[in-house]
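Beneath this line is the structure, given in structure tokens, with notes to follow.
These numbers come from a predicted model, not from an experiment. The first residue in the sequence is number 1, and the count goes up from there.
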Amino acid sequence: GWIPSGNFIRTGYSLGTYDSTLTWKEFSIPTTGVLSFYCSINCTIRPEIHLPTTKFRHSKQSGSSERNSRHLAATNLCHFEILLLSDRGLEDTWSCASNLSRDGSVFFHSKNLYKSNYSVIFGYHQVDLFESRSVGFEARLYNISVTGTLQGGAKHCIPCDGGYYEQSRTTCLPCKPGFFSTKGSVSCSPCPDGTFTAEPASKKCLPCGANTVSNPDHTGCNAHCRMTLALPSPSRHADSNVTNFTFNFNSLGFSNGPMFNATIPEYGGKRFYLNLCTTSHDSSACVTRSDAMACMDDCSTGKCTSTYSYGKTIGFSVTEGGEILVEVTNGDPCPSNPSILLSAKVFLHCNRTLHAGKPRARPPTNNTCVAEFDWHTRFGCPECSDECYETRTESCGDDGHRNISRVMIEQCWGEEVPGPSSTRERCYLTYVIVGSVMLAVLMLLSVFFVLRMHLVKVKATRQLYSDQLRSHFRRLSAYPDDEGDEFALDPEDDILKIN
């Protein structure tokens with residue numbers, strides 16, 4: 001059968017040979033009309049499965065080629081065809097996608113209709129000889145629309161649903177990726193910066209992850225996986241709460257390569273895979289979700305019967321404890337609560353002795369819509385820079401030398417900043433300080449002796465003058481004047497008195 005999945009319906013993943021037909025019963029076109037719809041088909045298989053395959057070839061338009069590890073099943077083993085019938089018989093038939101485009105890419109088809117009664121048959125066919133998770137065939141149909149039908153007349157107009165816009169008051173057309181609309185809209189609105197829509201007929205725009213930006217057409221987000229993040233400051237930066245470091249997460253994903261297996265026994269047959277910083281991987285896991293950065297193959301019944309995407313939008317932030325948190329969002333609807341989209345949280349732990357390391361899922365919790373992982377890797381450390389080091393100077397020793405060492409205070413990886421790890425130098429500053437102190441002491445002693453000599457000289461001069469005065473006044477005292485006055489010199493204080 002066909003399973004409703006948001007703005008599209010899809011074939012359920014089944015093992016072995018499988019056919020599914022969706023029929024749009026008869027409708028009448030009195031004059032002219034248009035049939036239009038979007039569709040996709042994914043016929044990807046793992047390379048080791050020896051089914052007849054069609055390899056991707058070099059694309060001159062894009063200038064790139066897919067790895068040979070990506071294969072498509074032959075057309076007779078996986079195809080999706082559309083038949084248009086009328087009163088005149090078979091009007092037309094066509095395939096959803098070309099032979100080399102059966103990789104999940106979405107295509108638009110339209111057909112002009114003329115007066116007649118019509119019906120449409122959507123037919124899907126697969127052959128899975130190995131009945132394993134190695135194949136992930138799936139067909140999807142988006143927003144089928146017919147204009148000009150006789151049954152289209154109504155007493156009351158019906159507003160277009162969200163994700164569509166009104167055209168000529170006769171039909172509702174889907175918004176293209178990068179745009180959205182609400183119910184009853186006559187036009188689609190572009191997604192604001194920092195948001196995106198990757199599918200047609202979107203009712204709302206999805207937010208980009210932290211530290212990422214939407215691309216110019218807002219059909220996705222650009223994850224520049226080499227960025228600057230602020231971590232809690234090392235001890236030497238006591239005047240600042242955070243310090244900026246450069247991180248490079250590009251090696252945590254392999255474009256068109258295998259995904260990292262993060263499975264643990266506690267989940268039973270559920271197998272988790274991560275492939276960060278790229279939305280393309282090979283077919284070794286999560287075959288029907290080749291654009292997922294985190295996904296899960298449900299193999300709990302012994303065979304992998306379904307695959308879930310945990311998202312293809314990535315964001316980077318720092319926890320309060322200084323750990324790097326990578327969040328993958330906008331996945332498939334959560335099986336236990338379809339109103340919530342699946343997401344994943346990956347906690348990166350710095351270990352500069354490892355290379356990429358290996359992620360490991362955390363044990364399951366009550367919140368089945370969010371998967372959590374721990375990943376010990378050197379890429380959880382910042383790239384080495386001056387901010388990762390500190391210069392420490394020891395006290396001068398008895399030999400007049402001191403040690404100066406360069407210590408890594410923030411674990412980092414990559415080319416270490418050049419510079420000696422330890423040096424030994426003379427304590428020139430100590431010599432200068434000691435010399436300055438000795439010079440100051442000598443200067444003080446010189447001033448002291450100069451002042452001392454000056455005081456001695458003053459005292460000697462005073463004593464000389466005092467002796468001369470004593471001698472002079474003794475001579476005068478022997479010859480009193482006419483008035484009978486006598487001069488006397490007080491021997492205690494050398495003060496001349498007149499009696």
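- When side chains are defined from C-beta on, Asn275 counts as touching Phe254, because their heavy atoms get closer than 4.5 Å.
- A side-chain donor-acceptor contact under 3.5 Å links Asp332 to the backbone of Ser309.
- In the model, Glu91 has a side-chain atom that pairs as donor or acceptor with a side-chain atom of Ser86 under 3.5 Å.
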Decide ring-ring contact (aromatic ring centres under 6.0 Å, His included) for Tyr118 and Trp24; before the verdict, give the C-alpha distance in whole Å, the side-chain angles of both, and the deciding distance to 0.1 Å.
-> CA-CA 9 Å; Tyr118 290 88; Trp24 191 350; over 10 Å; no
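- Among residues two or more places apart in sequence or in another chain, the salt bridge (Lys or Arg N to Asp or Glu O under 4.0 Å) test is passed with Glu323 by none.
- Looking only at atom types and distance, the side chain of Thr329 has no donor-acceptor partner in the side chain of Thr313 under 3.5 Å away.
- Of all heavy-atom pairs spanning Ser181 and Cys175, the tightest one is OG-SG, 3.5 Å.
- Counting only N and O atoms by type, the side chains of Ser214 and Asp193 include no donor and acceptor under 3.5 Å apart.
- Within the 3.5 Å criterion, the main-chain N or O of Val370 finds no donor-acceptor partner in the side chain of Ser343.
- Between the Ser145 side chain and the Leu173 main chain, no donor and acceptor come within less than 3.5 Å of each other.
- We find the OG-CD1 distance between Ser95 and Ile41 to be 8.5 Å, quoted to the nearest 0.5 Å.
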Derivation of the salt bridge (charged side-chain N to carboxylate O under 4.0 Å, His left out) call for Asp291 and Lys312 | CA-CA 6 Å; Asp291 59 351; Lys312 56 184 178 182; 3.1 Å; yes
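- Side-chain contact between Thr147 and Leu113: absent, with no pair of heavy atoms (C-beta onward) separated by less than 4.5 Å.
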Begin with the C-alpha distance, continue with both residues' side-chain angles, and end with the deciding distance and a verdict on side chain to side chain contact (heavy atoms under 4.5 Å, CB included) for Asn250 and Leu252.
-> CA-CA 5 Å; Asn250 284 294; Leu252 298 180; over 6 Å; no
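- With hydrogens and angles ignored, the 3.5 Å screen pairs no side-chain donor or acceptor of Arg378 with any backbone N or O of Ala356.
- In this structure, Asn211 contributes its side chain and Phe316 its backbone to a donor-acceptor pair below 3.5 Å.
- The pair Arg362-Glu266 does not count as a salt bridge, with every side-chain nitrogen at least 4.0 angstrom from each carboxylate oxygen.
- Distance CG/Leu354 to NE2/His376: 9.0 Å, rounded to 0.5 Å.
- Atom-to-atom distance recorded for Ile144:CD1 and Ile9:CD1 is 5.5 Å, nearest 0.5 angstrom.
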From CA spacing to verdict: side chain to side chain contact (heavy atoms under 4.5 Å, CB included), Met227, Thr246 = CA-CA 6 Å; Met227 64 186 65; Thr246 300; over 6 Å; no
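- Side-chain atoms of Thr197 come within 3.5 Å of backbone atoms of Gly178 as a donor-acceptor pair (strictly under, hydrogens ignored).
- A side-chain N or O of Ser339 and one of Asn337 form a donor-acceptor pair less than 3.5 Å apart.
- Taking 4.5 Å as the limit, some side-chain heavy atom of His281 sits within range of a side-chain heavy atom of Cys286.
- Closest non-hydrogen pair, Cys39 versus Leu141, comes out as CB-CD2, 4.0 Å.
- Of the candidates His349, Lys358, Arg360, Asp374 forms a side chain to side chain donor-acceptor pair (under 3.5 Å) with just one, namely His349.
- Cys381 and Asn351 make their closest contact through SG-N, 3.5 Å (heavy atoms, listed as atom of the first residue, atom of the second, distance).
- If you look at Phe245 and Phe247, their ring centroids are not closer than 6.0 Å.
- Of all heavy-atom pairs spanning Thr195 and Pro192, the tightest one is OG1-O, 2.6 Å.
- The SG atoms of Cys388 and Cys412 sit 2.5 Å or more apart.
- A centroid separation of less than 6.0 Å is found between the aromatic rings of Phe37 and His109.
- Using a distance-only test at 3.5 Å, with no hydrogens or angles considered, a donor-acceptor pair links the side chain of Thr377 to the main chain of His355.
- Applying the salt bridge (Lys or Arg N to Asp or Glu O under 4.0 Å) test to Asp19 and every residue at least two apart in sequence or in another chain returns nothing.
- Between Ile324 and Leu229 the shortest side-chain heavy-atom distance falls below 4.5 Å.
- Side-chain contact, Ser20 with Trp2: a donor N or O sits under 3.5 Å from an acceptor N or O.
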Carefully, step by step, assess Ile314 and Leu276 under the rule side chain to side chain contact (heavy atoms under 4.5 Å, CB included).
-> CA-CA 8 Å; Ile314 195 169; Leu276 307 183; 4.1 Å; yes
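- Using a 4.0 Å cut-off between charged nitrogen and carboxylate oxygen, Arg271 and Asp297 do not count as a salt-bridge pair.
- Within the 3.5 Å criterion, the main-chain N or O of Thr219 finds a donor-acceptor partner in the side chain of Asn215.
- The salt bridge (Lys or Arg N to Asp or Glu O under 4.0 Å) check on Glu81 picks up nothing, with sequence neighbours excluded.
- Atom OG1 of Thr93 sits about 7.5 Å away from atom CD1 of Ile82, to the nearest 0.5 Å.
- The shortest distance between side-chain heavy atoms of Pro382 and Glu410 falls below 4.5 Å.
- In this structure, Arg140 forms no cation-pi arrangement with Tyr38, as its terminal cationic atom is not both closer than 6.0 Å to the ring centre and no more than 45° off the ring axis.
- When all heavy atoms are compared, the tightest approach of Phe107 to Ser101 is CZ-CB, 3.3 Å.
- With a 4.5 Å cut-off on side-chain heavy atoms, Cys191 and Phe196 do not count as touching.
- Separating the OG1 atom in Thr182 from the NZ atom in Lys203 is a distance of 11.0 Å, to the nearest 0.5 Å.
- The distance from atom SG of Cys78 to atom CD of Glu138, rounded to the nearest 0.5 Å, is 10.5 Å.
- Listed for the Arg102 side chain is no donor-acceptor partner under 3.5 Å among the backbone atoms of Ser40.
- Counting heavy atoms from C-beta outward, Asp298 and Lys270 have side chains that approach closer than 4.5 Å.
- Residues Ala361 and Tyr267 approach most closely at CB-CE1, 4.1 Å, considering heavy atoms.
- In this pair, Tyr124 and Phe80 present their aromatic rings perpendicular. The plane angle is above 60°, beyond the 30 to 60° band.
- Aromatic ring centroids of Phe379 and Trp413 lie under 6.0 Å apart.
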Leu85 and Leu83: side chain to side chain contact (heavy atoms under 4.5 Å, CB included), yes or no, with the steps?
-> CA-CA 6 Å; Leu85 300 95; Leu83 285 73; 4.2 Å; yes
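- Residues Phe272 and Phe373 bring their aromatic ring centres within 6.0 Å.
- Without hydrogens or angle criteria, Thr11 side chain to Ala139 main chain gives a donor-acceptor distance under 3.5 Å.
- Side-chain contact between Ser317 and Glu327 is present, with heavy atoms from C-beta onward closer than 4.5 Å.
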